[in-house]
Amino acid sequence: MIDFEQEQMLENPEWCLVLRHYSQTQVQVKEQDPESDGWIIRQNEVEGVIAEHLPRIHGKLIAFDLLKFQIAGRDSGVFYKVTNSGNKMLPRLEKKLRKLLASPDAAEESDDQDDEIEQDYAKSA
């Protein structure tokens, strides 16, 4: 993930809440219907997020390739799905947010460790 995107996500916890909401909803739908394609109708309410912010948040998540959308039709509306990148990023973001809330210094140390791991991974690839 690009540092700018990660920084923006961490500076805007509401974005993480929306991404997590769609991810959890996808899991629930898949558990109820294993044949589901994972598309979720646009959510107009997400706990912890001001409803007026949702259109902009949806746009940012799409721009960062964390959420994708499809228009199902005039009567059905817009559907969203968390991308593979979004599913990979979400646990890492949540971990960093927890550390940041607990101790800003601990979050910086975690960033340094993550950078080292990513560099080692890049060398091995």
Side-chain angles (χ1 to χ4, degrees):
M1 169 182 22
I2 298 174
D3 288 336
F4 173 77
E5 293 168 343
Q6 179 177 331
E7 189 177 301
Q8 290 296 305
M9 292 294 290
L10 292 172
E11 288 178 6
N12 296 282
E14 283 186 324
W15 300 3
C16 294
L17 291 174
V18 173
L19 187 62
R20 181 177 58 191
H21 178 80
Y22 278 101
S23 179
Q24 290 174 341
T25 303
Q26 277 180 226
V27 169
Q28 291 170 354
V29 167
K30 197 71 171 167
E31 287 174 355
Q32 293 173 356
D33 179 11
E35 294 183 20
S36 169
D37 59 5
W39 289 97
I40 308 299
I41 189 87
R42 180 185 180 92
Q43 303 293 291
N44 294 316
E45 291 182 12
V46 174
E47 187 175 337
V49 179
I50 298 170
E52 291 81 26
H53 295 178
L54 283 171
R56 185 171 187 269
I57 294 170
H58 281 101
K60 290 292 185 179
L61 295 175
I62 290 166
F64 289 162
D65 191 36
L66 303 175
L67 198 63
K68 57 186 173 180
F69 73 98
Q70 72 176 7
I71 300 172
R74 181 180 281 206
D75 296 331
S76 300
V78 180
F79 288 79
Y80 293 88
K81 189 176 197 178
V82 178
T83 64
N84 289 336
S85 298
N87 282 319
K88 289 178 186 174
M89 183 199 315
L90 190 57
R92 185 174 173 195
L93 284 172
E94 289 177 333
K95 180 180 176 183
K96 287 187 179 200
L97 281 172
R98 280 193 298 272
K99 286 184 179 184
L100 189 64
L101 293 174
S103 167
D105 294 335
E108 287 179 22
E109 290 173 15
S110 174
D111 284 344
D112 293 341
Q113 290 173 352
D114 289 343
D115 289 344
E116 289 175 20
I117 291 169
E118 287 177 11
Q119 288 174 358
D120 290 342
Y121 177 77
K123 289 177 185 175
S124 69

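The 12-atom threshold is not exceeded at CZ of Arg56, counting heavy atoms of other residues, nucleotides or ligands nearer than 6.0 Å. Heavy-atom neighbours of Lys88 NZ from other residues, nucleotides or ligands within 6.0 Å: at or below the threshold of 12. Around the CZ atom of Phe79, the shell of radius 6.0 Å holds more than 12 heavy atoms that belong to other residues, nucleotides or ligands.
Looking at every heavy atom in both residues, Cys16 comes nearest to Leu90 through O-CD1, 4.1 Å. Counting all heavy atoms, side chain and backbone alike, Val29 lies closest to Ser36 at CG1-OG, 3.2 Å. Contact detail for Leu66 and Met89: the closest heavy-atom pair is CD2-CE, 2.8 Å. Between Glu45 and Leu54, the shortest heavy-atom distance links the atoms N-CD1, 3.8 Å. Closest approach of Lys68 to Trp39, counting heavy atoms only: O-CZ3, 3.6 Å. For the pair Val78 and Ile71, the tightest heavy-atom approach, listed with the atom from each and the gap, is CG2-CG1, 4.3 Å.
Leu10 CG to Trp15 CH2: the interatomic distance, rounded to the nearest 0.5 Å, is 10.5 Å. How far OH of Tyr80 is from CD of Gln43: 10.0 Å, rounded to the nearest 0.5 Å. Here Asn12 contributes atom CG and Lys60 contributes atom NZ; the two are 8.5 Å apart, rounded to the nearest 0.5 Å. Atom-to-atom distance recorded for Lys96:NZ and Glu7:CD is 11.0 Å, nearest 0.5 angstrom. Rounding to the nearest 0.5 Å gives a distance of 12.0 Å between CD1 of Ile57 and NE2 of His21.
Counting heavy atoms from C-beta on, the side chains of Gln26 and Val82 come closer than 4.5 Å.
Note: His58 and Tyr22 have perpendicular aromatic rings, judged against thresholds of 30 and 60 degrees for the angle between ring planes.
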